[in-house]
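What follows is one structure encoded as structure tokens, with my remarks underneath.
Every heavy atom of this structure was used, including side-chain atoms; hydrogens, water molecules and symmetry mates were not.
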2 protein chains.
Amino acid sequence: MAVSKAEIERRMERLAQTCRGGRLKLTHQRMEVFRELAGAEDHPDAETIYQNVRRRVPAISRDTVYRTLATLEEQGLVHKAEILSGRGRYDANMEHHHHFICTECGRVHDFYSRTLDDLPIPRSVASFGRVESAQVQLRGICANCAKGKR
Amino acid sequence: MAVSKAEIERRMERLAQTCRGGRLKLTHQRMEVFRELAGAEDHPDAETIYQNVRRRVPAISRDTVYRTLATLEEQGLVHKAEILSGRGRYDANMEHHHHFICTECGRVHDFYSRTLDDLPIPRSVASFGRVESAQVQLRGICANCAKGKR
DNA sequence: TCTCTAAACAAGAATGATTCCTATTCAGGA
DNA sequence: TCCTGAATAGGAATCATTCTTGTTTAGAGA
């Protein structure tokens with residue numbers, strides 16, 4: 001079940017609109033990086049995108065791919081799945097808990113909830129595989145950072 | 001609200017038991033790395049742990065901290081909060097969705113659920129800050145990897 | 001208590017992802 | 001068509017993490 005041609009076109013059009021709206025240039029590289037994602041369903045990483053786009057734009061650099069992805073994310077055109085900047089965070093609290101992550105300072109707060117511990121997993125997930133753990137991730141601005149911003 | 005002395009002792013005892021149980025040595029370094037986590041509530045990263053432990057064990061190396069954290073995680077004594085191996089994964093699908101992550105191959109599958117889109121956030125979270133998004137993360141073994149394992 | 005050996009360690013090199021730097025190119029408004 | 005700031009290429013630099021090699025040591029057994 002690939003992304004339909006029509007949906008890809010719609011997404012490309014949204015890119016064009018967003019660029020016109022902001023003061024962003026609609027460059028060849030930007031279009032090709034986004035096109036790669038517009039048709040993908042497998043959450044590729046930056047390197048994969050780079051390798052694929054390179055077939056069409058041989059001179060493109062890794063840096064451009066990274067920069068473009070960051071720009072697209074800022075513009076709300078793509079979504080980056082990741083917790084933090086890649087640094088693992090550890091704790092010795094083994095009780096089942098969930099996380100509130102401040103997108104500003106990266107601080108993580110634990111919280112507990114019986115209701116959230118026992119989430120209703122949609123039946124469709126079963127086809128992906130066997131679920132071993134479920135966790136809720138909340139993102140937002142922590143009280144501390146919100147204060148500092150004023 | 002620091003971790004109580006009693007709870008720290010309980011955790012240290014669990015470490016000792018686990019080491020005796022497996023064929024793990026109860027080394028000075030291992031104890032100090034774990035002690036650091038047993039008393040922490042702020043999900044420190046490896047570097048922070050290294051810097052703190054170094055005050056007590058000046059000769060400890062970063063590698064030992066990383067290795068020890070991995071061992072403790074394997075033994076179920078600590079918990080590592082992180083999505084993937086640090087590589088960001090992108091997609092152009094901006095509809096609100098949740099993720100099933102295969103812990104074996106790292107593949108990510110999207111799924112949708114009205115119920116999960118509107119989770120009951122515990123009141124206590126409000127004191128941490130303003131929540132901007134909520135997402136459910138399921139982890140498990142995908143059908144493909146489960147097949148390959150046999 | 002002493003000895004022995006696999007497990008664990010220290011130090012620093014290596015790796016892999018990502019970002020920065022600098023000179024060059026180019027999209028799009030005038 | 002011309003100009004200018006935004007965007008790019010290429011490669012160096014950075015940051016977290018892992019690997020390699022030689023050394024130390026916990027704890028089992030004599």
Side-chain angles (χ1 to χ4, degrees), chain A residues 12 15-34 36 43-75 77-78 80-90 106 108, chain B residues 12 15-36 43-75 77-78 80-90 106:
Chain A
M12 292 304 293
L15 170 67
Q17 277 172 16
T18 305
C19 285
R20 267 181 247 126
R23 56 203 67 87
L24 294 174
K25 293 184 180 174
L26 192 58
T27 64
H28 184 37
Q29 291 89 336
R30 216 163 249 174
M31 283 182 24
E32 292 309 316
V33 167
F34 185 68
E36 196 59 35
H43 304 73
D45 57 28
E47 181 65 20
T48 306
I49 295 167
Y50 168 66
Q51 294 299 345
N52 289 346
V53 172
R54 212 144 74 110
R55 293 208 279 259
R56 281 171 277 137
V57 191
I60 198 168
S61 73
R62 274 195 183 76
D63 187 49
T64 297
V65 172
Y66 280 100
R67 221 176 340 89
T68 302
L69 289 171
T71 306
L72 294 173
E73 200 196 355
E74 268 169 34
Q75 299 298 320
L77 289 162
V78 307
K80 184 177 185 182
E82 175 189 56
I83 269 199
L84 297 166
S85 45
R87 275 164 103 121
R89 300 299 207 91
Y90 294 85
V108 182
Chain B
M12 292 304 293
L15 170 67
Q17 278 172 16
T18 305
C19 286
R20 267 180 247 126
R23 55 203 66 86
L24 294 175
K25 293 183 179 174
L26 193 57
T27 64
H28 185 38
Q29 291 90 335
R30 215 163 250 176
M31 282 184 21
E32 292 309 315
V33 167
F34 184 68
R35 190 191 305 286
E36 196 57 36
H43 305 73
D45 56 29
E47 180 65 20
T48 306
I49 295 167
Y50 168 65
Q51 294 299 345
N52 289 345
V53 172
R54 211 146 74 110
R55 294 207 279 257
R56 280 172 278 136
V57 192
I60 198 169
S61 73
R62 273 196 184 76
D63 185 51
T64 297
V65 172
Y66 280 100
R67 222 175 339 90
T68 303
L69 289 171
T71 306
L72 294 174
E73 201 196 355
E74 267 170 35
Q75 298 298 321
L77 289 163
V78 307
K80 184 176 185 182
E82 176 188 55
I83 270 197
L84 297 164
S85 45
R87 273 164 103 121
R89 300 299 208 92
Y90 295 85

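Summarising the geometry of B/Phe34 relative to B/Leu77, their closest heavy-atom pair is CE1-O, 3.8 Å, with the distance given to 0.1 Å.
Among residues two or more places apart in sequence or in another chain, the salt bridge (charged side-chain N to carboxylate O under 4.0 Å, His left out) test is passed with B/Glu32 by B/Arg35, B/Arg56. Residues meeting the side-chain contact (heavy atoms from CB on, under 4.5 Å) test with A/Glu74, sequence neighbours left out: none. Scored by the salt bridge (charged side-chain N to carboxylate O under 4.0 Å, His left out) test, B/Arg30 finds no partners at all (sequence neighbours excluded). In this view, B/Arg54 satisfies the salt bridge (charged side-chain N to carboxylate O under 4.0 Å, His left out) rule with no residue, not counting sequence neighbours. Under the side chain to side chain donor-acceptor pair (under 3.5 Å) criterion, A/Gln29 pairs with no residue, sequence neighbours left out.
Base pairing in DNA chain C yields stems of at least 3 consecutive Watson-Crick or G-U pairs, both distances under 3.5 Å, namely C:1-30 with D:1-30.
At D/dA7, one or more side-chain N or O atoms of A/Arg30 fall inside 4.0 Å of OP1 or OP2 (strictly under the cut-off). Residue A/Gln29 places no side-chain N or O under 4.0 Å from the OP1 or OP2 atom of C/dC26.
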Output a table of donor-acceptor pairs, distance under 3.5 Å, between side-chain atoms of residues 15-25 of chain A and any protein atom two or more places apart or on a different chain; print 'none' if there are none.
unit_1, atom_1, unit_2, atom_2, d
A/Thr18, OG1, A/Arg14, O, 2.7

Distance-only donor-acceptor pairs under 3.5 Å for side chains of residues 57-69 of chain B, two or more places apart:
unit_1, atom_1, unit_2, atom_2, d
B/Ser61, OG, B/Thr64, N, 3.3
B/Ser61, OG, B/Thr64, OG1, 3.1
B/Arg62, NE, B/Glu47, OE1, 2.9
B/Arg62, NH2, B/Glu47, OE2, 3.1
B/Asp63, OD2, B/Arg67, NE, 3.4
B/Asp63, OD2, B/Arg67, NH2, 3.4
B/Thr64, OG1, B/Arg67, NH2, 3.2
B/Thr68, OG1, B/Thr64, O, 2.6

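Near DNA chain C, defined here as any heavy-atom distance below 4.0 Å, the residues from residues 54-64 of chain B are B/Ala59, B/Ile60, B/Ser61, B/Asp63, B/Thr64, listed numerically. If you check residues 66-73 of chain A against DNA chain D, the residues with a heavy atom closer than 4.0 Å are A/Arg67, listed by number.
The CG-C1' distance, from A/Leu15 to D/dA7, rounds to 14 Å in whole Å.
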**OP:** Let me have a per-nucleotide readout for nucleotides 24-30 of chain D, 5' to 3', with B, S or -, counting only protein heavy atoms under 4.0 Å.
**Re:** -BBS---

